[in-house]
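Atoms within a ligand are numbered from 1 in the order they appear, just like the ligands themselves.
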Amino acid sequence: MEKSRAQWGSKIGFILAAAGSAVGLGNIWKFPGRAYEGGGGSFLIIYLLIVILLGIPLMLTELSIGRASEADIVSAFHKLGHRRCAWIGWVGITGAFIITCYYNHVGGWVLRYVFGYILEAPTIYSDSTGYFYAMLGLQPDGTTAFPWAAILFAAVFMTLNAVIIIRGVESGVEKFNKIGMPALFVLLLILLVRAVTLPGSEAGLRYMLSCDWEKVSFSTVLAALGQAFYSLSIGMAIMITYGSYLSKKENIARSTVTICAMDTLVAFLAGFIIVPAVFATVGQEQVGKGGGFAFVSLANVFEQMPGGRFFGIIFYLLLLFAALTSCISLIESIVSFLTERFLLQRKAATIGVCMLMFLIGCMYTCSQAAYPIKGIWFDAANGVTYPAFCDAMEYLTDRLMIPICALGCCIFAGWIWKPESAIAEIRQNRVRFGLAPLYRVLVKYLAPLAILTILIMSFATGMTLS
Ligand code: TRP
């Protein structure tokens with residue numbers, strides 16, 4: 001067969017690229033807060049079940065749709081199914097766009113912290129919450145200002161992304177992943193030891209290991225679902241792009257399990273570092289909303305460990321690279337879609353899209369604390385509400401677009417393209433896939449029903465809008 005599309009250089013290159021895309025801010029910045037809000041151990045169990053029963057089959061589905069079609073996100077559905085299925089791809093690519101708008105800003109905050117630890121670690125230690133909010137434009141005396149630091153660093157972060165993408169991703173990112181991923185892992189292990197040996201951390205550890213089912217509601221399950229899909233980079237049809245670059249020799253079933261396992265491991269590690277550290281330092285009642293966790297609560301861990309400042313710098317550097325590899329893969333898939341579909345020039349498309357996303361993201365950062373910019377949300381129980389713009393953006397992607405795109409992928413693979421076609425794709429090159437019957441049931445019935453139920457419940461009950 002004629003191969004006109006690019007292909008991954010090596011097997012490990014693909015796995016690392018996919019893992020680099022999956023392991024990102026979601027694992028370290030979002031996961032611990034969500035796990036805390038969902039009652040610790042109970043959230044971990046729900047999350048794990050979702051990864052196994054929905055995450056793995058869905059990633060497998062996306063990869064096989066991509067590899068079978070060898071087409072861009074939207075055309076893939078058209079090519080394998082019907083023109084009317086193309087909306088699934090559109091939802092996916094729009095979701096990726098919205099996520100990138102704020103992702104690059106949070107990446108900018110991480111960059112800010114790299115410099116923060118290099119230049120003024122004692123200031124961070126003395127008031128870690130204040131430092132975080134000052135970056136976002138809220139002064140300790142309650143007055144607000146334009147969050148120039150956060151915005152400036154976000155601009156730098158976005159520029160970095162654009163430069164790397166224009167220069168070509170493959171070599172640099174692949175090389176970095178090979179060192180960066182294991183390094184991140186080792187550092188997390190070191191931090192884990194420090195966090196769980198901090199005086200007062202047992203309560204946090206106990207919290208993460210015990211199940212508080214009282215705290216679990218549909219909202220928790222939806223949060224876990226959104227988080228799992230977000231963290232695994234699925235439900236945005238991005239693994240379709242990745243799959244389309246994949247050689248027919250690859251065993252996608254095995255790669256999927258490897259990627260999902262790595263991603264979940266990093267998320268759990270982060271949870272077991274950050275939650276006990278919060279309990280030990282700022283105290284449970286002080287635990288703010290999810291987002292501040294990775295920035296605020298680790299300060300005391302670094303303060304109280306030998307060479308803490310050094311580890312702080314390394315930690316934020318690695319988080320920066322994790323964010324960078326994820327953000328690059330997000331932008332890359334948007335750009336490659338635009339260039340293939342609309343025949344835009346790569347450089348112009350990259351610059352245009354990056355600038356637009358950065359500007360929209362400014363509203364995300366500004367609405368954190370500095371300005372009362374509101375978004376809009378609707379559910380049957382509460383009617384129309386006006387959460388902060390930043391929250392509305394995350395609801396829109398995590399709670400609505402990702403599940404809808406994932407649902408679309410399941411229905412597509414289960415009922416239109418048919419599981420047999422996906423299974424045949426997975427079995428290319430005589431790969432053994434013993435779990436095919438289970439996969440068929442999951443993708444045809446269980447996954448779509450589960451996602452649909454959660455979507456409807458979330459709309460009907462109007463879960464607490466935290
Ligand atoms: N998975 C990434 C993270 O955990 C973020 C992300 C969500 C992503 N969807 C994506 C990255 C799609 C690349 C492609 O931070």
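- For the residue pair R112/Y117, the side-chain donor-acceptor check at 3.5 Å is not satisfied.
- Protein neighbours of ligand 1 below 4.0 Å, counting non-hydrogen atoms: S21, A22, G24, L25, G26, N27, Y103, Y230, S231, S233, M236, I238, S326, S329, L330.
- W109 has its ring centre no less than 6.0 Å from the ring centre of Y316.
- When ring centroids are compared, F358 and H105 come within the 6.0 Å threshold.
- Judged by distance alone, the side chains of Q368 and Y133 never bring a donor and an acceptor atom under 3.5 Å apart.
- For the side chain to side chain contact (heavy atoms under 4.5 Å, CB included) with L192, the lone residue among I274, L187, L269 that qualifies is L269.
- Remark: N104 engages no residue in a side-chain hydrogen bond (donor to acceptor under 3.5 Å, both in side chains) (not counting sequence neighbours).
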